[in-house]
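A quick write-up on the structure given underneath.
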Amino acid sequence: MNEMLIVEPRPPSRHRRRFQRGSLQKRKSAGGWNWIAFWWQDHRRRGQILGPCSTMSRPEALAEMATLLQPVNLHAGEPSSRTWTVAEWIRDMFLPLSRRKWKLSTASTTGDRIRKHLITDLGPLDIPSVTRELLQQYLEQKATAGCSFSLVDHLRWDLRAIFRLAAHDCLLPSNPAEMLFTPRTRATPSRRVLMPEQVQQILQVLPLREQLIVRLALFSGMRPGEIFALQWQHIAGDHVEVVHRIYRGKLERPKSERSKRTVALSSTTQSLITQWRQQSRSCDPDAWVFPSAKLTTPLGRDNAWRGLIAPRLKTIQLEWATFQIMRRTHASLYRDRPVSIRSWSPINSATDWA
């Protein structure tokens with residue numbers, strides 16, 4: 001009978017302050033040679049000029065350095081508590097922990113945002129000195145500086161998560177970012193959507209493959225990562241099963257659990273899929289519906305947009321109609337329909353409105 005091995009967690013090590021003798025060095029500064037003392041305090045290296053070498057002997061410099069270090073060595077042997085800066089806490093604690101649960105897309109966008117804004121702007125601050133008022137003023141400054149509402153709102157979410165971990169580890173008595181709000185100092189830009197006549201124009205200038213990609217985005221509300229991750233085994237008659245997505249060439253889970261869904265296909269889209277299947281070089285269940293030139297990898301989102309779709313849309317002045325706008329158009333034009341987009345099923349077949 002196998003017994004389960006239970007490993008007792010080790011208590012965290014308690015570092016104690018060490019007695020410091022310091023480091024005495026002779027360095028040239030201000031046009032002459034001086035005695036300089038170096039020591040460590042609050043996890044940072046400190047230094048101070050003791051005097052010129054011409055008037056102070058080495059024993060005198062050592063005695064002066066010992067006097068200088070007396071207040072530091074009074075706490076020798078006591079447990080030391082590290083004072084974290086915001087940058088150190090994010091880099092050494094928050095990001096390594098968060099990356100273990102983030103998807104690749106989240107790690108890329110959120111990590112870049114935190115490094116570019118929070119570490120750059122708030123990095124030198126000590127964690128205990130951060131207050132709710134300071135963080136709220138920071139968000140208001142970002143909004144006033146012209147940052148979008150979405151960016152400021154995401155920064156608020158990042159701050160709440162970062163300082164929640166700090167409060168949980170007892171670096172703070174409470175989370176100063178818990179009650180922050182996103183300032184509405186800028187008008188939210190209007191969200192562009194396509195009109196039915198513009199959709200007709202787009203479909204008329206696209207060949208079969210590109211038209212099918214656009215239809216899946218417009219009429220079925222699929223994200224581009226979900227479209228290019230489709231394999232023939234996921235397409236069944238009047239619907240598509242969304243089971244994964246592709247991001248930067250890597251196959252991963254959909255954006256959320258609700259994103260695993262059955263997507264209805266209109267009769268026109270079904271007909272185009274049949275035509276595309278007949279033209280495809282491989283229709284094996286594991287084959288990609290939209291393969292790259294190598295056939296073993298799916299078509300890349302950026303390559304498809306820049307090389308295949310955008311140039312044709314430019315001829316009708318609709319190159320601004322990105323995948324995001326197509327998905328927004330889908331949600332907007334179906335909002336008033338009796339059947340909710342998220343409740344679609346194979347028996348609720350989609351209908352084209354173009």
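Throughout, numbering of the chain's residues begins at 1 and tracks the sequence.
Membership of the apolar cluster around Phe38 extends to Ile36, Ile49, as traced through chained side-chain contacts below 4.5 Å between ILVMFWY residues.
The distance from the OG1 atom of Thr262 to the NE2 atom of His234 is 11.5 Å, given to the nearest 0.5 Å. With rounding to the nearest 0.5 Å, the separation of CG in Leu313 from CD in Glu210 is 10.0 Å. Here CZ of Phe181 is found 8.5 Å from CG of Leu139. Values are rounded to the nearest 0.5 Å. The CG atom of Leu95 lies 6.5 Å from the CZ atom of Arg115; values are rounded to the nearest 0.5 Å. To the nearest 0.5 Å, the span separating CG on Leu272 from CZ on Arg215 amounts to 5.5 Å. Put simply, CZ on Arg21 and CG on Leu62 are 11.0 Å apart, with the number rounded to the nearest 0.5 Å.
Annotation for Ser282 and Ala287: closest pair OG-CB, 3.5 Å, computed over non-hydrogen atoms. In plain terms, the two heavy atoms of Met222 and Leu230 that are nearest each other are CE-CD1, 4.0 Å. Closest heavy-atom contact between Leu218 and His330: O-ND1, 2.7 Å. Taking all atoms of both residues into account, the shortest heavy-atom contact from Ile119 to Pro124 is O-CD, 4.5 Å. Of all heavy-atom pairs spanning Ile90 and Pro96, the tightest one is O-CD, 4.0 Å. Taking every heavy atom of both residues into account, Trp288 and Leu295 meet most closely at CD1-O, 3.7 Å.
Arg164 meets the salt bridge (Lys or Arg N to Asp or Glu O under 4.0 Å) test with Glu178; sequence neighbours excluded. In this structure, the side chain to side chain contact (heavy atoms under 4.5 Å, CB included) partners of Met56, at least two apart in sequence or on a different chain, are Trp35, Leu50, Glu60, Ala61. Legend: residues meeting ring pair (Phe, Tyr, Trp, His ring centres under 6.0 Å) with His154, ordered by chain and number and at least two apart, are absent. The side chain to side chain donor-acceptor pair (under 3.5 Å) search around Asp153 returns Arg156, Thr182, not counting sequence neighbours. Among residues two or more places apart in sequence or in another chain, the ring pair (Phe, Tyr, Trp, His ring centres under 6.0 Å) test is passed with Phe323 by Trp305.
A distance-only check finds no donor-acceptor pair linking the side chain of Trp33 to the backbone of Ser54 [under 3.5 Å]. For Trp232 (side chain) and Arg277 (main-chain N/O), no donor-acceptor pair under 3.5 Å exists by modelled atom type. Checking side-chain atoms of Thr85 against main-chain N and O of Ile127 turns up no donor-acceptor pair under 3.5 Å. Checking side-chain atoms of Arg261 against main-chain N and O of Val242 turns up no donor-acceptor pair under 3.5 Å. In this structure a side-chain-to-backbone donor-acceptor pair under 3.5 Å is missing from Ser271 to Ser267. At least one donor-acceptor pair closer than 3.5 Å links the side chain of Arg327 to the backbone N or O of Gly221. Looking only at distances, no side-chain donor or acceptor of Thr315 sits under 3.5 Å from a matching main-chain atom of Pro311. Of the possible donor and acceptor atoms, one in the side chain of Arg312 sits under 3.5 Å from a partner among the backbone N and O of Val205. For the pair Asp238 (side chain) and Leu265 (backbone), a donor-acceptor distance under 3.5 Å is absent.
Pro183 places a side-chain heavy atom less than 4.5 Å from the side chain of Gln136. A heavy-atom distance below 4.5 Å is not found between the side chains of Met326 and Pro224. Using a 4.5 Å heavy-atom cutoff, the side chains of Thr329 and Gln198 are not in contact. Contact annotation: the side chain of Thr106 never approaches that of Tyr247 to less than 4.5 Å [non-hydrogen atoms, C-beta and beyond]. Looking at Leu180 and Arg132, their side chains come closer than 4.5 Å, going by heavy atoms from C-beta outward. Val130 places none of its side-chain heavy atoms less than 4.5 Å from the side chain of Leu122. A 4.5 Å side-chain heavy-atom check between His244 and Gln231 finds at least one atom pair inside the cut-off. Counting only heavy atoms from C-beta outward, the side chains of Met93 and Asp169 approach each other to under 4.5 Å.
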Subject >> Worked verdict on Leu308 versus Arg209 for side chain to side chain contact (heavy atoms under 4.5 Å, CB included) >> reply: CA-CA 10 Å; Leu308 303 174; Arg209 177 180 59 179; 3.3 Å; yes
**OP:** I would like to know whether Arg245 and Arg223 meet side chain to side chain contact (heavy atoms under 4.5 Å, CB included); could you show each step before the answer?
**Re:** CA-CA 9 Å; Arg245 67 169 179 168; Arg223 299 179 177 91; 5.6 Å; no
Subject >> Residues Leu69, Phe19; criterion side chain to side chain contact (heavy atoms under 4.5 Å, CB included); working and verdict >> reply: CA-CA 9 Å; Leu69 292 177; Phe19 184 87; over 6 Å; no
**OP:** Decide yes or no on side chain to side chain contact (heavy atoms under 4.5 Å, CB included) for Ile316 and Gln204, but give the supporting numbers first.
**Re:** CA-CA 10 Å; Ile316 55 175; Gln204 289 172 3; over 6 Å; no
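With hydrogens and angles left out, the side-chain atoms of Glu133 and Gln137 include a donor and acceptor closer than 3.5 Å.
Screening Trp89, Phe94, Phe163 for a ring pair (Phe, Tyr, Trp, His ring centres under 6.0 Å) involving Trp84 leaves a single residue, Trp89.
Neither Leu134 nor Met179 shares a network with the other; the hydrophobic side chains, linked directly or stepwise wherever heavy atoms of I, L, V, M, F, W or Y lie under 4.5 Å apart, form separate groups for each. In the hydrophobic cluster analysis, where Ile, Leu, Val, Met, Phe, Trp and Tyr join through side-chain heavy atoms closer than 4.5 angstrom, Leu165 is grouped together with Leu155. In the hydrophobic clustering of this structure, Trp157 does not group with Leu135; members are Ile, Leu, Val, Met, Phe, Trp, Tyr whose side-chain heavy atoms approach within less than 4.5 Å, directly or through other members. The hydrophobic clustering, which links ILVMFWY residues whose side-chain heavy atoms are closer than 4.5 Å, places Phe149 and Leu159 apart. Under a hydrophobic clustering in which Ile, Leu, Val, Met, Phe, Trp and Tyr are joined whenever their side-chain heavy atoms come within less than 4.5 Å, directly or via other members, Trp102 and Leu97 fall into the same cluster.
Crowding of Trp320 atom CH2: a count of heavy atoms from other residues, nucleotides or ligands under 6.0 Å exceeding 12. Crowding of Gln324 atom CD: a count of heavy atoms from other residues, nucleotides or ligands under 6.0 Å not exceeding 12.
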